[in-house]
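Heads up, the thing below is written out as C-alpha cells.
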There are 2 protein chains.
Amino acid sequence: MRNGNVYAAACPTRQILDRVGDKWAVLILLLLRDDTRRFNQLRRAIEGISQKMLSQVLKSLERDGLIRRRVIATVPVTVEYSMTPLGTTLAAAVDPLRDWAEKNLKDVLAAQRRYDAQQADKAA
Amino acid sequence: MRNGNVYAAACPTRQILDRVGDKWAVLILLLLRDDTRRFNQLRRAIEGISQKMLSQVLKSLERDGLIRRRVIATVPVTVEYSMTPLGTTLAAAVDPLRDWAEKNLKDVLAAQRRYDAQQADKAA
DNA sequence: CGGGATCCGCATCGATACTG
DNA sequence: CAGTATCGATGCGGATCCCG
C-alpha cells in the first residue's frame with residue numbers, strides 16, 4: 001500500500017497509527033502487559049482518563065483482538081482485562097518508542113525552548 | 001514519572017505519545033528519513049493531508065527538534081525539510097511499529113469482523 | 001512555491017446521572 | 001463494580017482566500 005513513496009489513506013501504517021495514535025490505547029496496552037487488571041484498577045492507574053474514554057478504548061482494543069475481556073459472575077460483577085498474544089506483540093513493538101521517550105524527552109523539551117526563544121526574538 | 005505502575009499525566013511516555021499519536025507526524029518522519037523533501041512534495045506524498053495540517057505539523061516537528069527547515073532564496077522561494085539526528089533516532093524507534101502494522105493488519109481486521117458478527121448476534 | 005489568516009462545522013471528550 | 005446514556009462545550013481540522 002506504499003506505492004512510489006506515497007502514503008495512501010488505506011496503507012497499514014496509517015490504519016494502525018490511527019489506533020496506536022490514541023494515547024490511551026497505548027498506555028492500556030503497556031499496563032495490561034504487566035498484569036491482568038480490572039476496570040477501576042485501570043482507571044486509577046491512568047491519571048486523567050474518564051470512565052467514558054476508558055470504556056470506549058477498552059471496547060475498541062477488544063474489537064481489534066488486542067485485549068481480552070473476561071466477565072466473572074461475582075456480586076457485584078468483576079471484569080478482567082488481559083492481553084491477547086496479538087496485543088502482546090504490539091506492546092513489544094511499542095517498547096522502543098517508550099524507551100526513546102524516556103531517553104530523549106529532555107532533548108525534545110530543550111529543542112522547544114530554543115525554538116520558542118528564537119520566535120520571541122523575531123517578534124521583537 | 002511512572003511510579004507504582006501509575007501513568008501520571010506528565011510521564012515521558014505520555015508526552016511523547018501526544019506527539020507520535022499525531023498520525024501525520026509519524027508519516028512525515030518516515031518520509032523525511034528517506035529523503036529531504038519540499039512542502040508540496042510532502043503534501044502530494046501524504047494522501048489526504050490539508051496544507052494547514054501539514055504546515056502545522058511541520059512546525060511542531062521543527063519545534064521538537066526532530067526535523068530541520070531550510071529556506072533557500074530562490075524565486076519563488078524553496079523550502080527543504082530534512083531529518084535531524086534526533087528525528088532519525090525517533091524514526092528508528094517507530095520502525096518496529098510500522099513493521100508490526102504491515103505484518104498484523106489483516107489479523108486485526110479479522111478480529112474486528114469476528115467481534116462485529118458477535119455483536120450482531122447478541123442484538124438478534 | 002510555501003505558507004498565514006479566517007471562518008466554521010462536526011466530532012471528541014468531560015461531566016453528570018443512572019443501571020444491572 | 002462496571003459500565004451506558006445524555007448533554008454540552010471546545011477545539012481540531014477542512015475549506016477558502018490571500019500574501020511574499
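On a predicted model such as this, the values are computed, not experimentally measured, just so you know. Just so you know, these numbers use all the heavy atoms, side chains as well, and skip hydrogens, waters and symmetry mates. Naming: A, B, ... by sequence-line order, numbering from 1 per chain.
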Q. Do NZ/NE/NH1/NH2 and the carboxylate oxygens of B:R98 and B:D95 come within less than 4.0 Å?
A. yes
Q: Could you please spell out the steps behind the side chain to side chain contact (heavy atoms under 4.5 Å, CB included) verdict for B:R44 and B:N40?
A: CA-CA 6 Å; B:R44 277 186 300 266; B:N40 282 326; 4.0 Å; yes
Q.
Counting primed atoms plus P, OP1 and OP2 as sugar-phosphate and everything else as base, spell out the protein contacts along nucleotides 7-20 of chain D at 4.0 Å heavy-atom distance: B, S or - for each nucleotide, 5' to 3'.
A. B-----BBBBB---
(Q) My understanding is that only one of A:E62, A:R38, A:R69 makes a side-chain contact (heavy atoms from CB on, under 4.5 Å) with A:Y81; could you say which? (A) A:R69
Q) Is there a side-chain contact between B:R63 and A:D116 (heavy atoms, below 4.5 Å)? A) yes
Q.
Counting only side-chain nitrogens and oxygens, does A:S55 get under 4.0 Å of the OP1 or OP2 atom of D:dA2?
A. no
Q: Take the protein atom CZ of A:R43 and the nucleotide atom P of D:dC1, then report the distance between them rounded to whole Å.
A: 10 Å
Q.
I'd like to know whether A:W100 forms a side chain to side chain contact (heavy atoms under 4.5 Å, CB included) with A:V108, so could you lay out the CA-CA distance, the side-chain angles of the two residues, the decisive distance to 0.1 Å, and finally the verdict.
A. CA-CA 11 Å; A:W100 189 94; A:V108 171; 3.8 Å; yes
Q.
I'd like to know if B:V71 and B:L32 are part of one continuous hydrophobic network [Ile/Leu/Val/Met/Phe/Trp/Tyr, side-chain heavy atoms within less than 4.5 Å].
A. yes
Q.
Please report the distance, rounded to the nearest Å, between CD1 in A:I28 and P in D:dA2.
A. 14 Å
Q | ILVMFWY network linking B:Y115 to A:L90, side-chain heavy atoms under 4.5 angstrom | A | no
Q. How would you label the contact of A:R69 with the nucleic acid (heavy atoms, under 4.0 Å): base, sugar-phosphate, or nothing?
A. sugar-phosphate
Q. Just the endpoints, please: which first and last nucleotides of DNA chain C, 5' to 3', lie under 4.0 Å from a heavy atom of chain A?
A. C:dC13 to C:dA17
Q | side chain to side chain contact (heavy atoms under 4.5 Å, CB included) between A:L86 and A:D64, intermediate numbers included | A | CA-CA 9 Å; A:L86 188 61; A:D64 291 349; over 6 Å; no
